[in-house]
Amino acid sequence: MRPVKPGRIQSAINVTPLVDVVLVLLIIFMVMAPQMHKGPDVHLPDTAKPREQGDERGRILVSIDEAGGLWINDQPVAAESFGDSLRAAAGAEQTDIKVVIRGDARLRLGMVRQAMLAIEDAGFHGVGLIAKHESAEGKGD
């Protein structure tokens with residue numbers, strides 16, 4: 001009897017299923033990314049032509065909900081400890097961090113101004129505001 005020779009092992013990888021899965025995941029994340037946001041549900045004010053909102057990295061997102069509650073990124077914060085919480089969220093890189101406010105459209109301007117003053121008192125300068133384009137969502141809301 002002759003000894004059986006083992007067959008040659010093919011070392012080629014079939015990449016097609018991997019590419020298919022990656023493309024499906026890419027499409028899912030592209031569709032879902034605009035729907036994901038930090039903090040409470042805030043109805044942003046409409047503007048005719050908002051400026052470019054920029055990159056979310058390197059900034060602290062302060063949200064003010066309809067009731068006037070303050071949120072830093074996705075954590076609710078008491079008004080008394082707002083400045084300390086901002087400095088804690090910034091960490092050691094306080095000079096390079098930008099603070100951006102997402103204020104509810106139904107808020108009084110005075111509440112947003114108070115938050116801006118508190119941010120300035122905490123040592124941050126150049127506070128930004130986030131708005132949405134008028135045609136970004138249905139106007140029947």
Side-chain angles (χ1 to χ4, degrees), residues 2-141:
R2 291 186 349 193
V4 178
K5 291 184 179 178
R8 291 185 43 99
I9 299 175
Q10 290 186 349
S11 62
I13 298 173
N14 190 0
V15 182
T16 305
L18 174 68
V19 172
D20 290 344
V21 169
V22 170
L23 287 176
V24 168
L25 289 174
L26 177 68
I27 291 170
I28 289 171
F29 284 119
M30 286 174 50
V31 170
M32 292 305 297
Q35 308 300 325
M36 299 182 332
H37 63 275
K38 296 179 182 177
D41 187 25
V42 174
H43 298 287
L44 296 174
D46 293 329
T47 60
K49 188 175 182 182
R51 298 172 82 193
E52 180 64 33
Q53 301 295 332
D55 194 3
E56 288 194 19
R57 290 173 289 175
R59 73 178 187 185
I60 298 173
L61 182 64
V62 174
S63 300
I64 308 172
D65 60 15
E66 183 180 5
L70 295 170
W71 297 67
I72 296 178
N73 292 330
D74 57 350
Q75 303 296 322
V77 176
E80 299 82 29
S81 63
F82 182 65
D84 295 331
S85 299
L86 264 176
R87 285 189 286 276
E93 306 170 5
Q94 185 171 348
T95 57
D96 297 341
I97 299 291
K98 297 175 186 166
V99 179
V100 182
I101 296 178
R102 286 179 60 230
D104 197 291
R106 297 168 286 204
L107 282 173
R108 299 182 143 258
L109 183 60
M111 295 180 108
V112 176
R113 181 66 182 143
Q114 285 176 352
M116 292 175 81
L117 289 173
I119 291 169
E120 197 169 286
D121 289 343
F124 297 93
H125 301 289
V127 178
L129 297 173
I130 294 181
K132 69 174 180 173
H133 195 275
E134 283 179 314
S135 63
E137 291 182 10
K139 294 185 181 180
D141 293 337

Rounded to the nearest 0.5 Å, what separates atom CZ in F124 from atom CZ in R87? 7.5 Å

Distance from I64 atom CD1 to R102 atom CZ, nearest 0.5 Å? 10.5 Å

Shortest non-hydrogen separation from L86 to I119 and the atoms involved: CD1-CG1, 3.5 Å

Side-chain heavy-atom pair V100, V127 within 4.5 angstrom cut-off: no

Distance from Q114 atom CD to L109 atom CG, nearest 0.5 Å? 10.5 Å

Where do A115 and I101 come nearest, in terms of heavy atoms and distance? CB-CD1, 4.4 Å

Rounded to the nearest 0.5 Å, how far apart are CG of L61 and CD of Q75? 12.0 Å

Looking at L23, I want to see if its CG is surrounded by more than 12 non-hydrogen atoms of other residues, nucleotides or ligands under 6.0 Å. yes

By salt bridge (charged side-chain N to carboxylate O under 4.0 Å, His left out), D121 pairs with (sequence neighbours left out) none

For A67 and M111, which heavy atoms make the closest approach, and how far apart are they? O-CE, 4.3 Å

Are there over 12 heavy-atom neighbours, none belonging to L25, within less than 6.0 Å of that residue's CG? yes

Considering non-hydrogen atoms only, spot the tightest contact between L70 and A79 and give its length. CD1-CA, 4.1 Å

Should F82 and I72 count as side-chain neighbours, where that means a heavy-atom distance under 4.5 Å? yes

